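Okay, structure first, notes after.
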Amino acid sequence: MIATTDSSMSPPGRPYQNTAFTNSYEFARGGYNLPQYPFATPPELGAASVVRHPIVIVGAGITGLTLACALARKGIAAIVLDEDNSVGVKGAASRGICYTQKSLEIFHRLGIYERIAAKGVQWSVGRTFAGHDEVYSFDLRQQSSFQLSAQPPFINIQQFYIEGYLVERTLELGGVDLRWSSRVTGYTQHDGFATLTVETPAGSYQVEALHVVDASGSHTPFHRWCNASLQARRGDDRWCIADVRFKNLPPTERHTWIEAPFNDNRAVWQHLMADDVWRIDYQMEPDADPAKVSSESEVRKRLERQFGADVECEIVWVGPYAYRSQCLDALQIGSVYFIGDTAKIVSPFGARGGNTGVADADNLAWKLGAVLRGRAGPGLLASYNQERLEAAQQNVQVTNRTARFLRPADGMERRFRDAVISLARQYPFARQLVNTGRMAVANPYSQSSVCGNSGGLSVQNVFFRWQNDSPGCVNDLLQWADGNLLLLVFGDQSLQARQRLANLSRQAPVRCVQVLGPDTRTQSRETVRDPQGHLQGACHVFGHAWALVRPDAYLAATGETVDGALVQVIEHALAIA
Ligand SMILES: Cc1cc2nc3c(=O)[nH]c(=O)nc-3n(C[C@H](O)[C@H](O)[C@H](O)COP(=O)(O)OP(=O)(O)OC[C@H]3O[C@@H](n4cnc5c(N)ncnc54)[C@H](O)[C@@H]3O)c2cc1C
């Protein structure tokens, strides 16, 4: 039995404008107004016995709330404990801004995508400059890999808006208890469950949990409490981030400077977010003093150098940042699962922090749901560590490479970067080596295929046609599958294969759909059409084939023949002994 306590944690960054907290989170002149959620006295306070919950999530940041919302959508009870009473992190209100297609597809499934799309800003053009020259540009709309999804390649929106929408949606769905002003200060591991101590304005209490999910961010006390081992690296690179509203708007494009003449030849990022607020990230000199570089006078001088002495703008928020990279050696210890920034920390180049935290939550949500509903064996939960650790390690590696390109060591690294920039000005091949951030992707799981070559790959939320010719998308099918695996069978099947499919859903937790080509019509309810082959392409299979899709829109397995072995494939994918 391990028992540990902690009482001091402080978030990074500092606010420039004093935020007036109200019950809305619209932008208001003078800063962001974040919502204030009320503290409600929990039933455990004053109760004679300790209550055991199936799932307790510690932390209501973007990853904890994504998990909470996903569980609520599946009808799985959980409690969420957050020491704060608002979204965002106090003193660091403006962090994530850029959300990738995979995250947007997940948010679509959870029912908040429309709110994000209405508030956020879509962009597809990115330009990279060195000095006064543009060395590289891209338009994501021209890249076919992004075009087919119902969601765009990216939406830029302040992280706290997404968190606010997740709170709203979780409350709409019900079944998950969001407890604000509730700080977890102690943890004890027992055989098969854990006890947490929670401090609140009305006193402290204890809860037991079968599964504890640590989503308490980069300052988590659970690493120490669980004796977690990790790999960490901290460099001397320093950044100052300014959120700014301009009278005259710059173009809605992502601009990055590897060497900005207006910033002493250091890097600068320029991105639009919701409410016409621009995020400008300035790279500072190594080990720069955070207080000095983020003073208002310094920030204004920098803005004038970049946009001209007559720039008219309002500074909404400023914060200095030093980035580190960190990755746990295991994402599950005892009853505790680590997700989001507690699993790994990456520098923000490529928007991989929050986006991959959302993917952690989506991965764990369906597995917890399937196990707690008795549709999968407990062994399924072990695959969370295997899959998301692989993803975490990839993301740390990719962002570390970018960090080294942006802050090269003197000597060979700097010479390599100078050569790349110089070649990229003239030769297209060298532009691929310019690394101002490789944007987050749906990480593949190389060990996860039950059978076939494509297991472990993500399935895009592409469109198909229902029998009545109205459009549907992959997320509609996943919703219909209701937390079960989804078997998509492509091409005309023999009578015997059709009979097998009809029996399959009675034998295993799976829903089957036959996917037909452009000209075939049947009256079967469980048949859809894929006239342009987008659904088949998204499942990475060709011709007569089947694809077994998981509730998180990843492939569990693919194959060609619909035969009796499919039952074993499904049971294997769900760790059913
Ligand atoms: C400048 C910057 C820019 C970024 N840009 C992007 C981007 O564009 N896209 C992107 O995807 N990511 C981005 N990131 C990364 C992203 O912000 C983080 O990865 C993300 O916030 C992690 O979310 P989380 O839910 O894991 O943790 P957090 O957001 O840190 O949430 C942790 C929660 O736990 C609560 N908590 C902490 N301790 C306790 C306790 N003991 N008891 C109860 N509650 C507790 C806190 O109150 C908080 O609500 C950026 C980060 C920075 C700093």
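Side-chain atoms are counted along with the backbone in the values below, which use heavy atoms only and exclude waters and symmetry mates. Everything quoted here is computed from the prediction, not taken from an experiment.
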**Prompt:** Of Arg414, Arg425, Arg417, which meets salt bridge (charged side-chain N to carboxylate O under 4.0 Å, His left out) against Glu259?
**Reply:** Arg417
**Request:** Decide, yes or no, whether a salt bridge links Lys102 with Asp362 under the criterion of side-chain N to carboxylate O below 4.0 Å.
**Result:** no
**Asked** Minimum heavy-atom separation for Ala68 to Val80, with atom names?
**Response** CB-CG2, 3.7 Å
**Prompt:** Quick one: do the Asn435 and Thr402 side chains pair a donor with an acceptor below 3.5 Å?
**Reply:** yes
**Request:** Kindly give the heavy-atom pair with the smallest separation between Val420 and Ala430, and that separation in Å.
**Result:** CG1-O, 3.9 Å
**Request:** State the OH-CD1 distance between Tyr323 and Ile345, to the nearest 0.5 angstrom.
**Result:** 12.5 Å
**side chain to side chain contact (heavy atoms under 4.5 Å, CB included) assessment of Ser448 paired with Glu390** = CA-CA 11 Å; Ser448 296; Glu390 182 183 7; 5.8 Å; no
**Prompt:** Are Phe349 and Trp239 close enough that their ring centres sit under 6.0 Å apart?
**Reply:** yes
**Gln231 side chain to Gln393 side chain, donor-acceptor N/O pair below 3.5 angstrom** = no
**Request:** Run through Trp257, Trp269, Phe262 and flag the one making a ring pair (Phe, Tyr, Trp, His ring centres under 6.0 Å) with Phe129.
**Result:** Trp257
**Item:** Inter-residue atom distance Ile315.CD1 - Ser294.OG, 0.5 Å rounding
**Value:** 10.5 Å
**Aromatic contact, Phe222 with Phe338 (centres under 6.0 Å)** = no
**Request:** List the atom of Lys344, the atom of Gly357, and the distance in Å for their closest heavy-atom pair.
**Result:** NZ-N, 4.2 Å
**Side chains of Tyr282 and Gln306, donor plus acceptor under 3.5 Å** = yes
**Asked** Run the side chain to side chain contact (heavy atoms under 4.5 Å, CB included) check on Asp281 and His271 step by step: do they pass?
**Response** CA-CA 9 Å; Asp281 300 354; His271 257 276; over 6 Å; no
**Prompt:** Any side-chain heavy-atom pair from Leu548 and Val450 closer than 4.5 angstrom?
**Reply:** no
**Asked** Is there side-chain contact between Pro152 and Leu104, with at least one heavy-atom pair below 4.5 Å?
**Response** yes
**From CA spacing to verdict: side chain to side chain contact (heavy atoms under 4.5 Å, CB included), Thr63, Asp341** = CA-CA 8 Å; Thr63 56; Asp341 277 8; over 6 Å; no
**Aromatic plane relationship, Tyr384 with Tyr337 - under 30° parallel, 30 to 60° tilted, over 60° perpendicular** = perpendicular
**Message:** Surrounding CZ of Arg404 (heavy atoms of other residues, nucleotides or ligands, distance under 6.0 Å), is the total greater than 12?
**Reply:** no
**Distance-minimising heavy-atom pair for Ile421 and Ala130** = CG2-CB, 3.4 Å
**For Asn363 against Trp366, the heavy-atom pair lying closest together** = O-CD1, 3.3 Å
**Prompt:** Under 3.5 Å, is there a donor-acceptor pair linking the side chains of Asn475 and Tyr113?
**Reply:** no
**From CA spacing to verdict: side-chain hydrogen bond (donor to acceptor under 3.5 Å, both in side chains), Gln151, Asn461** = CA-CA 7 Å; Gln151 276 63 53; Asn461 187 28; 2.9 Å; yes
**CG (Asp133) with more than 12 external heavy atoms under 6.0 Å** = yes
**Message:** Could you check whether any side-chain heavy atom of Arg302 comes within less than 4.5 Å of a side-chain heavy atom of Ile280, counting everything from C-beta outward?
**Reply:** no
**Prompt:** More than 12 heavy atoms of other residues, nucleotides or ligands under 6.0 Å from CG of Asn453: is that the case?
**Reply:** no
**Prompt:** Within the distance-only criterion (no hydrogens, no angle test), does the side chain of Arg109 pair as donor or acceptor with the backbone N or O of Pro551 below 3.5 angstrom?
**Reply:** yes
**Request:** Could you tell me whether Lys301 and Glu298 make a salt bridge, using a distance below 4.0 angstrom between a side-chain N and a carboxylate O?
**Result:** yes
**Message:** If you compare all heavy atoms of Arg550 against all heavy atoms of Lys367, which two are closest, and at what distance to 0.1 Å?
**Reply:** NH2-NZ, 4.3 Å
**Prompt:** Do you see a donor-acceptor pair shorter than 3.5 Å between the side chains of Asn395 and Arg352?
**Reply:** yes
**Message:** Does Asp236 have more than 12 heavy atoms from other residues, nucleotides or ligands lying within 6.0 Å of its CG?
**Reply:** yes
**Request:** Give a yes-or-no answer on whether the side chains of Asp237 and Gln283 include a donor-acceptor pair shorter than 3.5 Å.
**Result:** yes
**Asked** side chain to side chain contact (heavy atoms under 4.5 Å, CB included) between Met273 and Tyr161: does it pass, once the steps are laid out?
**Response** CA-CA 11 Å; Met273 302 185 274; Tyr161 278 119; over 6 Å; no
